[in-house]
Amino acid sequence: TTRTPEFLGLAGSEGLFPQSGTGGDVVVGVLDTGVWPESKSYDDAGLGEVPSSWKGTCMAGTDFNSSACNRKLIGARFFNRGYEAAMGPMDTSRESRSPRDDDGHGTHTSSTAAGAAVADADLFGFASGTARGMAPKARVAVYKVCWLGGCFSSDILAGMDAAVADGCGVLSLSLGGGSADYARDSVAIGAFAAMEQNVLVSCSAGNAGPGSATLSNVAPWITTVGAGTLDRDFPAYVQLGNGKNYTGVSLYAGKAPPSTPTPLIYAGNASNSTSGNLCMPGTLSPEKVQGKIVVCDRGISARVQKGFVVRDAGGAGMVLANTAANGQELVADAHLLPAAGVGEKEGTAIKSYIASESKPTATIVVAGTQVDVRPSPLVAAFSSRGPNMITPEILKPDIIGPGVNILAAWTGKAGPTGLAADTRRVNFNIISGTSMSCPHVSGLAALLRSAHPEWSPAAVRSALMTTAYSTYTGGAGSPILDAATGAAATPFDYGAGHVDPTRAVEPGLVYDLGTSDYVDFLCALKYTPNMIAALARSKSYGCAANKTYAVANLNYPSFSVAYSTANGEAGDSGATTVTHTRTLTNVGAAGTYKVDASVSMSGVTVDVKPAKLEFTAAGEKKSYTVTFTAAKSQPSGTAGFGRLVWSDGKHTVASPIAITWT
Amino acid sequence: ETEQRATYIVHMAKSAMPAEYADHGEWYGASLRSVSTGRAAAAKMLYSYDTVLHGFSARLTEQEASDMAGMDGVLAVNPETRYELH
């Protein structure tokens, strides 16, 4: 990617992360749509021999030789049996029965995580610079488990099975589905065993935001990643006939749009369909849109497809207007015709102008790339949000990372829009999603594993979470905002905050977790012995009859308190307390840490005991309790947030707090 | 025999493998055959898993899946789920 190394403070900080010896031997396994091995992002210049412990392979198949792998791309496999069993034989004229990436998504995610540095990268001149993955010296292994018809759990499990056996240290899965309990969720099942075998699993949180309770991949042994914006935009201007000028975004790079005012029409007025405003295929009347700029509302269909529909109907350009679901968040696309995406407010103003003018006109001006945009990051409107509907007592997502308008490597089999009609071919593409933020964090986790090979997956996640920021670094303590609303975001949106790798490498203290802790967690959820055995692959794990289990005791780096009004908790009879227990492990020098904890919710207090922890040596563990006391019941849906921070003056070990009433 | 087959993930208790089998793959295959015996088309195994779970995936009818779930050594039989890229 371009820009994200600078945005994350990684540019010029290579010394923080040793990249030789074992450091370079971290393998990031990416389960996705495969790989385009010819991309320069998989250049292996400067990399040593493939680690001797590596057991992976480079599977040959359609248009993919086993020689496609090298010292960067050290493994490539494909898993299609589940897909073809469910969907029938694949159309080999459209997709490759091999690790070859016909889609682009897998090439984008794997190069984001661990792609080599490529100078002079851009998309049609946009976002130009040196593109590189977050862990440019880490190795990449790809496991193609997603096909044109989707990603099937039997294939995903086969891919995870192989990835762990091959020797990956980090798995990156930018996919999700459903919200089954952990014992029936294949990704959670595979991730549990991966965790047990010292593999960190990073998953995307989903793009179902900004609605609440929309998360995927919420198992506590998974690192769940939401998406934020960068400090980079691709501005475009929509100049109306009345002289008003509105700013949007565009990656359009074709024939220059007309510089003279062009007739403007709202798609809802150019269609006989009730959903004509959405520019769905076949809904626009060519005679009404011919030669005009068409205003389409965002939603339902793909943004780039709307542009294609307008072009197909003879439109000269498109203004894509956000609705309330997206607010002011601007996601840029490489449309096939002159187009600009605008926020909800601008869209409303443009539509008002059309309604009030007998001959409305507009001009679209595409202005290129802009950096140092403030405020940033914002929580992406599409990023899925908490609370966690499977286990409300575990706060998810864990963290956010860059996921909007991300440039990374692309397939040679599809154009930047992914549309069949898009015959353009590019080396890099700019796309958005929690699919894009997940591999950022996967790559950063690989960096941390290279710097601290002795850390467990939970310790790495803890370091990423407790050093994340929830206020702008350059914004005098202003909170991170939500692109959907423009208001302050909450831990339900960003978890612990935005990832900050240069701080994560030296967190001071970590919240560690291992297999037995997660089994205790399952016992607290009252999982049956068979459910636990299915998840943990062994009958030897179980719940003791004489032991009390509590989700609140899972040594998680965040706090979620879920009061229930239905059960009368903190009801009229008086206050209710919930106590969480945590244990911190010192991974730094000796030091004395003091706590500061607060919640912004009237009637709820937080008390930490002890308030001071003294560590005299690395590896030392100290426990503390946090008691949340609610003086009275609150209406269902009420939520409050806070933060608990341990500090020795040099390190800040911060945990978000979420309190809800259901 | 006209029942539709779907993919299921079958979780096995590895330690429960009867002594007559030399390896787990053999046991999984025998378990699969036992639920589809007598049917025109045999249930088909897609994958055998060993690292992130002990068990296999197979194309089963609802009845076969139900029968499988009741067998000794079977921990769970979960229907396949389709995931989507984010």
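Chain identifiers are assigned alphabetically (A, B, ...) following the order of the sequence lines, protein sequences preceding nucleic acid strands; residue numbering begins at 1 within each chain.
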For this session: Let me know if Val187(A) has heavy atoms under 4.5 Å from chain B in its side chain, its backbone, both or neither.
Result: both
Exercise. Within the distance-only criterion (no hydrogens, no angle test), does the side chain of Arg184(A) pair as donor or acceptor with the backbone N or O of Pro79(B) below 3.5 angstrom?
Worked result: no
Problem set entry | Residues in residues 53-70 of chain B that sit under 4.5 Å from chain A, counting heavy atoms only | Leu53(B), His54(B), Ser57(B), Arg59(B)
For this session: Please look at Ala205(A) and chain B and tell me whether the side chain, the backbone, both or neither of the residue comes under 4.5 angstrom of a heavy atom of that chain.
Result: backbone
Problem set entry | Option in Ser153(A), Gly82(A), Ala85(A), Ala163(A) with maximal non-hydrogen atom pairs under 4.5 Å from chain B | Ser153(A)
For this session: Identify which of Ala158(A), Ala165(A), Gly150(A) forms the greatest number of heavy-atom pairs closer than 4.5 Å to chain B.
Result: Ala158(A)
Exercise. Among Ile189(A), Asp161(A), Leu171(A), which residue meets the side chain to side chain contact (heavy atoms under 4.5 Å, CB included) test with Val52(B)?
Worked result: Asp161(A)
Exercise. Heavy-atom distance under 4.5 Å to chain B: side chain of Met87(A), backbone, both or neither?
Worked result: side chain
Problem set entry | Leu46(B) to Arg81(A) - nearest heavy-atom pair and separation | O-NH1, 2.5 Å
Seminar exercise, completed: The interface call for Ala183(A) against chain B, heavy-atom contacts under 4.5 Å, is backbone
For this session: Counting only heavy atoms closer than 4.5 Å, note whether Phe79(A) contacts chain B via side chain, backbone, both or neither.
Result: both
For this session: Could you tell me whether the side chain of Tyr49(B) and the main chain of Ser154(A) form a donor-acceptor pair under 3.5 Å?
Result: yes
Problem set entry | Part of Gln197(A) lying under 4.5 Å from any heavy atom of chain B | side chain
Seminar exercise, completed: Scanning both residues in full, the closest heavy-atom pair of Leu75(B) with Ala534(A) reads CD1-N, 3.8 Å
Exercise. If you draw a 6.0 Å radius around CG in Leu148(A), do more than 12 non-hydrogen atoms from other residues or ligands fall strictly inside?
Worked result: yes
Exercise. Atom OG in Ser435(A), atom CD in Glu84(B): separation rounded to 0.5 Å?
Worked result: 10.5 Å
Exercise. Where on Thr528(A) is there a heavy atom nearer than 4.5 Å to chain B: the side chain, the backbone, both, or neither?
Worked result: neither
Seminar exercise, completed: One option among Thr434(A), Val164(A), Leu157(A), Leu173(A) has the most heavy-atom pairs under 4.5 Å with chain B, and it is Leu157(A)
Exercise. So Tyr47(B) and Asp155(A), side chain to side chain contact (heavy atoms under 4.5 Å, CB included) or not? Walk me through it.
Worked result: CA-CA 8 Å; Tyr47(B) 297 104; Asp155(A) 293 332; 2.6 Å; yes
Seminar exercise, completed: Sequence neighbours excluded, the answer for side chain to side chain contact (heavy atoms under 4.5 Å, CB included) partners of Thr57(A) is Met59(A), Arg77(A)
Problem set entry | Any residue of residues 7-23 of chain B which, by heavy atoms, sits under 4.5 Å from chain A | Thr7(B), Ile9(B), His11(B), Ala13(B), Ser15(B)
Problem set entry | Qualifying residues under side chain to side chain contact (heavy atoms under 4.5 Å, CB included), relative to Thr107(A), sequence neighbours excluded | Trp36(A), Tyr42(A), Asp101(A), Ala409(A)
Exercise. Roughly how far apart are Thr109(A) OG1 and Leu85(B) CG, rounded to 0.5 Å?
Worked result: 8.5 Å
Problem set entry | Under 4.5 Å from a heavy atom of chain B, the part of Ser204(A) involved | both
Exercise. So, does Tyr83(B) use its side chain to make a donor-acceptor pair with the main chain of Ile156(A) at under 3.5 Å?
Worked result: no
Seminar exercise, completed: Taken to the nearest 0.5 Å, the spacing of Phe152(A) CZ from Glu80(B) CD works out to 6.0 Å
Exercise. What residue in Ala86(A), Ala208(A), Gly433(A) has the most heavy-atom pairs under 4.5 Å with chain B?
Worked result: Ala86(A)
Exercise. So His86(B) and Ser216(A), side chain to side chain contact (heavy atoms under 4.5 Å, CB included) or not? Walk me through it.
Worked result: CA-CA 10 Å; His86(B) 281 153; Ser216(A) 301; 3.8 Å; yes
